Structures are given as structure tokens and as C-alpha cells.
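Below: the structure, in C-alpha cells.
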Amino acid sequence: MAAAGFSDLREKLKSMTPHRDDVKNKFVDGTTSNGSGMSHKRKHRESDDEHSDDNAELREQEARRVSSSIQQKSIFTPEECVLIEEKIDEVVAKAEAGLYRQHTVDRAPLRNKYFFGEGYTYGAQLEKRGPGQERLYPKGEVDEIPNWVNELVIKRLVSEGVVPEGFVNSAVINDYQPGGCIVSHVDPFHIFARPIVSVSFFSDSALCFGCRFQFKPIRVSEPVFIQPVRRGSVTVLSGYAADDITHCIRPQDIKERRAVIILRKTRPDAPRLDSDTSLRSSAERHVPLKSKRSHRRADPDAAHRPRVLEMDKEENRRPALPRQRPRSISSENYRRRDEDDEKSRDTSGRKVKMRRH
Ligand SMILES: O=C(O)CCC(=O)C(=O)O
């Protein structure tokens, strides 16, 4: 599903304000200022239109590239979803009881994460921030993948041919409350092999590609592509969708509680913190595990109320360049990402301030 870009929005606005066309027509009809029978303004307008046509075409092309590198399957029945959702609730309860290892649980307002099998440092946890700086925790610093994830989810993905046996060694559960989000990022190339597989639970939502976030108040630019992620569906990202464009979950797309289980394989050569560094930085941060309870009760209206989100730590998981830059690197998104650090332009050409990472 290709989302309408700003140029389409302009068309929409035009149709909502027909008097503007009258103004334009008057201007065109009444002006012959450059000897060509066409005003400078008129000329400018035409080249603007050409530009926005070009942009729209590029966005369409990019949307097609994203779409063709996503596979989706509706695998889990509503009954199976209920069973798995009960298990997710058990994980939440166990975390609230403080029964997991420290790095298994990462809490943020409106979004909690539970890492199993492998965990890694990202975002504000990084001493040295930026793409490519993520590190796996030493083995054993997060809890093992729970049996139910293996039995109810991974085995099923294997039998459906989604992943080969033995592929998954990392399972992350994200639990979102209404209005929760994950800012635009690419899953770090040096940590995770492709594909990236995820299964959605509790409610339907949308995974967006190519958005840029602005903060305070939070604002998300128009996506290049929107992939619905329905309860019980499996989404597989590879190629362009995984490597060449960022993905995110926008706050407006989490209207009810939603959870996702992300199933990945870490690369054998992924860099790993040594135990000493990990222990030292944990002690320095001194994260109180139980006191910061942010698994708030779902409020059905919350998603519709304006709020300032304390941003997800994953905001720092911005794309690093892959080891081998794919040919498609000339993509608009890569350019945008390079520009993102301080100020960037959104697709309407305005300058938007981006967070420095
Ligand atoms: O919630 C989702 O479907 C995507 C989550 C995601 O991209 C991530 O946690 O890295």
C-alpha cells in the first residue's frame, strides 16, 4: 500500500480550496510579463509541479521496492493468538515480579521490550553512540528463549517454511500501549542476519517505512510505504525493506495494546561486550529494575490525545551503512539519513530539526 506523498496532499488541498485555482487562473490569464506569454510565477509553478511529479514518481518507485522485499503470511488463528497472548502476559507478570535478568527487560513509557536468547546495547545505553556501535551483551546476560516461544511460534515458522530450523537465536517481545511507538531505524546489520521476522499480537497496526520523526511535540513525516501488520500475521523483511530504508511504528498506529515478537538470528561475527565492560557500565547506570514501572493500563483514548513522548531509546538505532553498500544506496532515504543529524528537509522541502545522536 503506497502512502500518498506530500505532492498528493497538495492535490488534495487544491481540491479542498478551489478558490485558489481561481486566483491562479486569474493570474495566468492576466499576466504576460516575460514576453513568452507566460509569467515567471507561472513558469515557477510548472517546474514545481514537475518536481513534485518527479518526487511522487520516486516515492512510488521506492514504495514498490519496499513492498517487493516484504513477505507476509497470516499464520496464527485467533485461537492460537489467544494462547500466545496469555504467554506474553505471563512474561509481563514475571518481569514485574523482577524475575528476569537485568538486560532481559527494557522499559520505556508506553513500550516495554523483553530480550531472550540474545540482547544488545542500543540507543542511550551506548557509551559511544551512533550506528554501528551496538554490541551484543555477553552470553547469559539475558534470559533464554522461553519454551513457549520455541514450541508455539518458532516451530510453526519452521513448519510453514518461513525460517530454516535453527535460524532463530534471538526473540524480542515488544509490548506497546496506545500511543507507543518505535522510531525509525534499521536493525543493525552487524548484529542481525537477514531476514527479520516478526509476528503481531493483540491488535492490528501498521509498520511504516521511510518516516522521519520530529520531537516535542512528536510529528512523523508521511511514510513512503505502509505495511499493515495484523494480529496473527507474520512479516518478513529482507533486501531493500530490511537494509535500505528505515522502519518504524508511529504513535497513531497503536490504538490498542499491541505486542510483536521479533525473531532474528545474530551474526556469528557480531561484536560482543566482554563481561567486565558490561558489568561496569551496568553498575554505572545502576538501573533500578522494579521501581520503574511503566506497563500502564491501556487507556482506549490515549492514542488520540496529544502527548509528549519520552522517546524510545531505539531512536539511536539509526542505520549504519552495510558492510557492502547495496547498489540501491542512492536511495533518497539514505541521503535523508545522512542529512538527519541536525537538520533535514522533509519531502515538502521544509527544514526540520532532527535529534543529534
Ligand atoms: O513493532 C514492530 O512490528 C516493529 C518493531 C521493530 O522494528 C523493532 O523493535 O526493531
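Nothing here was measured: the structure is a model prediction, and the numbers come from that model. All ligand and atom numbering here is 1-based and tracks the order in the structure.
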Would you confirm whether the ring centroid of Tyr120 sits within less than 6.0 angstrom of the ring centroid of Phe192?
yes

Heavy atom to atom 4 (C) of ligand 1, shortest distance: which of Val199, Leu207, Ile254 holds it?
Leu207

Scan the side chains in residues 195-208 for donor-acceptor partners under 3.5 Å anywhere in the protein, sequence neighbours excluded, and list what turns up.
unit_1	atom_1	unit_2	atom_2	d
Ser200	OG	Arg258	NH2	2.9
Ser203	OG	Arg257	O	2.9
Asp204	OD1	Arg231	N	2.8
Ser205	OG	Asp253	O	2.7

Please identify each residue that fulfils salt bridge (Lys or Arg N to Asp or Glu O under 4.0 Å) with Arg272, with sequence neighbours left out.
Glu118

Short version for Thr235: what comes under 4.0 Å of ligand 1, heavy atoms counted, is neither

Considering all heavy atoms, the nearest Phe189-Arg267 contact:
O-CD, 2.9 Å

Consider every N or O of His185 and every N or O of ligand 1, then say whether any pair is closer than 3.5 Å.
yes

Would the Tyr240 and Phe209 ring centres measure less than 6.0 Å apart?
no

Taking only heavy atoms of Arg258, which atoms of ligand 1 are found under 4.0 Å from at least one of them?
1 (O), 2 (C), 3 (O)

Subset of ligand 1 atoms that lie under 4.0 Å from at least one heavy atom of His247:
7 (O)

Does at least one non-hydrogen atom of Asp187 fall below 4.0 angstrom from an atom of ligand 1?
yes

Students often mix this up, so state it plainly: with edges at 30° and 60°, are the rings of Tyr100 and Phe116 parallel, tilted or perpendicular?
perpendicular

The atoms of ligand 1 lying under 4.0 Å from a heavy atom of Tyr176, numbered in the order shown, are 1 (O), 2 (C), 4 (C), 5 (C)

Is any N or O atom of Ser198, backbone or side chain, closer than 3.5 Å to an N or O atom of ligand 1?
no

Do Lys73 side-chain atoms and Glu160 backbone N/O form a donor-acceptor pair below 3.5 Å?
yes

With a 4.0 Å heavy-atom cut-off (strictly under), which part of Val172 contacts ligand 1: side chain, backbone, both or neither?
neither

